[in-house]
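Report on one structure; see the data block that follows.
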Protein chains: 2
Amino acid sequence: MKQANKIGIEKGFKRTPQRLAILAYLEGNTSHPSAEEIFNAVVGKDRTLSFATVYNTLNTLSRAGALRELTIDPSRKRYDPNTGAHHHIICVACKKVVDVPEEITIDLPKEVSQNFTLLGNHVEFYGICPTCRKAQKNA
Amino acid sequence: MKQANKIGIEKGFKRTPQRLAILAYLEGNTSHPSAEEIFNAVVGKDRTLSFATVYNTLNTLSRAGALRELTIDPSRKRYDPNTGAHHHIICVACKKVVDVPEEITIDLPKEVSQNFTLLGNHVEFYGICPTCRKAQKNA
DNA sequence: GTACGTGCAAAGGTTTTGCATTACA
DNA sequence: TGTAATGCAAAACCTTTGCACGTAC
C-alpha cells in the first residue's frame, strides 16, 4: 500500500481504519472521485465513517502532498491520488475526468516568470467523451 | 461599451440598469473577481442590486460566451470578461489571479484526441506573487 | 401588453467546525 | 497515558431557485 506508507512517513499521522480504508480506495484509482463518491464507496466496508473524517483525511493528505485536489469540475472538488506530473480532460456533458499522462512542455512568459515564483502548472482540457458523443448523435 | 454591445446581439437580452452596471464593472477588468466582489463593487452605484441578479447575469453571460468562468480558485468561481485565448497564474498565498496572455501550443496526446472531441483548454499556473514573496522573507 | 428580469428569502449542495468520545501509539 | 482522530450535528459558504412584483421592449 504505497500511499499509506508514504503517509506513514509523516510524524504524528495515525493509521486509523477509516484512513486506511480511504487510502485503499484511492490507491491506483483513476476515476477522480469527489468527497461524496469516496464516502459512498468506503462507508460500510470498514467500521463507521463520517463525512467529517473524509474531508479531514483528504485535507490532511492534500497538505502532505500525497493527494491532488482538482479544480477542473466547477461544482465540486475532485481528488487524484496520482501526484506525478500529468493533466486532465473533462467531459463537459457527463463531468467524467480522464488523465492526460503525457508530459507537456510549457514555457511561462517572461513577464510572469520575472515576477511570480513558479510552483507548478496544470492543463485542463474540455471535450466530449465517446459515450456522450454517441448519445448526442442518437438524440 | 463593447461587452454590452456584444451581449446586445443576443435576442431577448434586456439591457437593465443592473446588467449594464455589472457589464461596466467587468469591462476591461483584469482582477478576475468573484461574484461577491462584483456585487460589492456594483451595489449602491446604480439603483438596487441583489445577489440573485449577479448570479443570474453571470450565468447568462457565461452561457452566451461573453464571459469565462474560472475554476483556478478552489474556493469560489472567478469571472473573466476576456474571452480571448489566454491562461492564468494564481498566487497560492493570496489567491490573486493574473493573466498569462501568451499563446501556448499544446498537443493533446493521441490516446485522448482519438476518443474525446476536444473543445478547448486552459493552463493553470501556481506560484507566489511578488507581494507575498516579500512578506514571506520578512516573516 | 408581455415576456423577461429583479429582489427577497428560502433552500440546496459542498465543505468546515466545535465538542465530546474514542483509539492509536 | 496523551495526543490525535472520529462522529455527530450545526454552521458556514457559495450558489441556485420559487414566486410576486417590476420593467424593458
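Numbers restart at 1 for each chain; the letters A, B, ... are given by sequence-line order, proteins then strands.
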The residue, A:Asn56 or A:Glu36, whose nearest nucleotide of DNA chain C is more 5′ is A:Glu36
With distance as the sole test, does [X] use its side chain to make a donor-acceptor pair with the main-chain N or O of [Y] at under 3.5 Å?
X	Y	answer
B:Thr71	A:Thr71	yes
B:Asp99	B:Pro101	no
A:Thr53	A:Leu49	no

Starting at the 5' end of DNA chain D, which residue's closest nucleotide do you reach first, A:Thr60 or B:Phe51?
A:Thr60
N or O in side chain of [X] less than 4.0 angstrom from [N] OP1/OP2:
X	N	value
B:Gln18	C:dG7	yes
A:Asn59	C:dT15	no
A:Thr16	D:dT6	yes

Of the options [options], whose atoms approach the side-chain atoms of [X] most closely?
X	options	answer
A:Ala35	D:dT6, D:dA9, C:dT15	C:dT15
A:Pro17	C:dC24, D:dT15, C:dT15	C:dC24
A:Thr53	C:dA25, D:dT6, C:dT6	D:dT6
B:Ala52	D:dA5, C:dG7, C:dT6	C:dG7

Rounded to whole Å, please give me the gap between [atom1] in [X] and [atom2] in [N].
X	N	atom1	atom2	result
A:Lys14	D:dG2	NZ	C1'	8 Å
B:Asn40	D:dC14	CG	C1'	14 Å
A:Tyr55	D:dA9	OH	C1'	16 Å

To the nearest 10 degrees, how far apart in direction are the end axes of the helix from C:dG1-D:dC25 to C:dA25-D:dT1, each fit to five base pairs?
40°
Could you check whether A:Asp73 pairs with A:Arg78 (Lys NZ or Arg NE/NH1/NH2 to Asp/Glu carboxylate O, under 4.0 Å)?
yes
Residues within residues 68-78 of chain A bordering DNA chain C, heavy-atom distance below 4.0 Å
A:Ser75, A:Arg76, A:Lys77
Report the residues that fulfil side chain to side chain contact (heavy atoms under 4.5 Å, CB included) with A:Thr60, sequence neighbours left out, ordered by chain and then residue number.
A:Phe13, A:Arg19
